[in-house]
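Every value quoted in this text rests on a predicted model; they were computed, and no experiment measured them.
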Amino acid sequence: MHLTLGVLSLGDDPTRKVAAAAKLLYDLRPRVHELLQGETLRVPLDCMDVMKPDQRNHEPGHIIWVGPAVNEAGTTDKLKAVAHLVQQAFDGAGLLADERRALKLFCPILSTGYREPRRLRCVPFSYASILASDALKSINVQEDVADYGKGKNGPVKIDFGTWEVDELQICKVGSWGPEGEYVTAARCSLN
């Protein structure tokens, strides 16, 4: 899983831009360590929602994400601080494609854009059916999920655990490694 903090603007010279981004990522390491103060960076995956299409409702759905409940004080302060530091540094260096993009901390767990076979790509799913499923009941910590889509929207409380972040990466979107992961163009260890 991954959290996207920004999308690089590669322009006419992608090799140079990726090299500049890799150097900046490495140069940020001491500042990240200063923010962490010896603690391990952790990501609680305790809410789930669907990316809203243009109609701004939950149906039809194309992407489901999990992430931290960023509005709860204290639980994600270091995560937000590190994420903002990285995003602002890359923005300040002119490396981001959309400088106005607000930081959103989420991990996509289902996207219909990558379904196989190709003829099934972008076929939407029913978020209401997912909310009513036995699979969700096993990780759900919220009682009123049946009300979602009926005037109640927003993330659903879930428990996917808390995960340690051991490195920051720059990945090539659309690339696939041997285990279906994005190919890493640069990485910076947090250990």
Requested in this report: May I have the step-by-step check of side-chain contact (heavy atoms from CB on, under 4.5 Å) for Ile158 and Leu136, ending in yes or no?
Outcome: CA-CA 8 Å; Ile158 53 136; Leu136 184 70; 4.1 Å; yes
Requested in this report: Using side-chain contact (heavy atoms from CB on, under 4.5 Å) as the criterion, list what pairs up with Ala21, not counting sequence neighbours.
Outcome: Leu8, Phe90, Leu95, Ile170
Using atom types as modelled, flag every donor-acceptor pair under 3.5 Å from a side chain in residues 184-191 to any protein atom, sequence neighbours excluded.
{"unit_1": "Thr184", "atom_1": "OG1", "unit_2": "Gln169", "atom_2": "OE1", "d": "3.3"}
{"unit_1": "Thr184", "atom_1": "OG1", "unit_2": "Arg187", "atom_2": "NH2", "d": "3.4"}
{"unit_1": "Arg187", "atom_1": "NE", "unit_2": "Glu167", "atom_2": "OE1", "d": "3.1"}
{"unit_1": "Arg187", "atom_1": "NE", "unit_2": "Glu167", "atom_2": "OE2", "d": "3.1"}
{"unit_1": "Arg187", "atom_1": "NH2", "unit_2": "Glu167", "atom_2": "OE2", "d": "3.4"}
{"unit_1": "Ser189", "atom_1": "OG", "unit_2": "Asn191", "atom_2": "N", "d": "3.1"}

Report task. Starting at CD1 of Ile64, measure out to OH of Tyr127 and round the result to the nearest 0.5 Å. Result -> 6.5 Å
Query - Option from Cys107, Pro108, Pro155 for which side-chain contact (heavy atoms from CB on, under 4.5 Å) with Val66 holds - result: Cys107
Query - Main-chain N/O of Arg42 paired with Lys78 side-chain donor or acceptor, under 3.5 Å - result: no
Query raised in the report: How long is the gap from CZ on Phe106 to SG on Cys47, to the nearest 0.5 Å?
Result: 11.5 Å
Query raised in the report: So how far is it from Leu168 CG to Arg29 CZ, rounded to the nearest 0.5 Å?
Result: 10.0 Å
Query raised in the report: What is the distance from atom CD1 of Ile63 to atom CG of Leu110, rounded to the nearest 0.5 Å?
Result: 9.0 Å
Query - side-chain contact (heavy atoms from CB on, under 4.5 Å) assessment of Val43 paired with Thr162 - result: CA-CA 5 Å; Val43 179; Thr162 298; over 6 Å; no
Query raised in the report: Got a donor-acceptor contact below 3.5 angstrom from the Thr76 side chain to the Leu79 backbone?
Result: no
Report task. Please check if the side chain of Gln37 supplies one atom and the backbone of Leu35 the other of a donor-acceptor pair under 3.5 Å. Result -> no
Report task. Working to the nearest 0.5 Å, report the span between CD of Gln88 and CG of Leu28. Result -> 11.0 Å
Query raised in the report: Does the side chain of Phe160 reach to within under 4.5 Å of the side chain of Pro44, using non-hydrogen atoms?
Result: no
Query raised in the report: Taking all non-hydrogen atoms of both residues, which atom of Lys17 and which atom of Gly94 are closest, and how far apart?
Result: NZ-O, 3.8 Å
**Report entry** Same apolar cluster (I L V M F W Y, side chains within < 4.5 Å links), Val18/Tyr26
**Finding:** no
Report task. Side-chain contact test, heavy atoms from C-beta onward, threshold under 4.5 Å: evaluate it for Val50 versus His62 and give yes or no. Result -> no
**Report entry** Min side-chain heavy-atom separation Asp46-Asp159 under 4.5 Å
**Finding:** no
Requested in this report: Given side-chain contact (heavy atoms from CB on, under 4.5 Å), test Leu41 with Trp163 step by step and report yes or no.
Outcome: CA-CA 9 Å; Leu41 185 60; Trp163 299 81; over 6 Å; no
Report task. Could I get the full list of side-chain contact (heavy atoms from CB on, under 4.5 Å) partners for Arg16, not counting sequence neighbours? Result -> Asp13
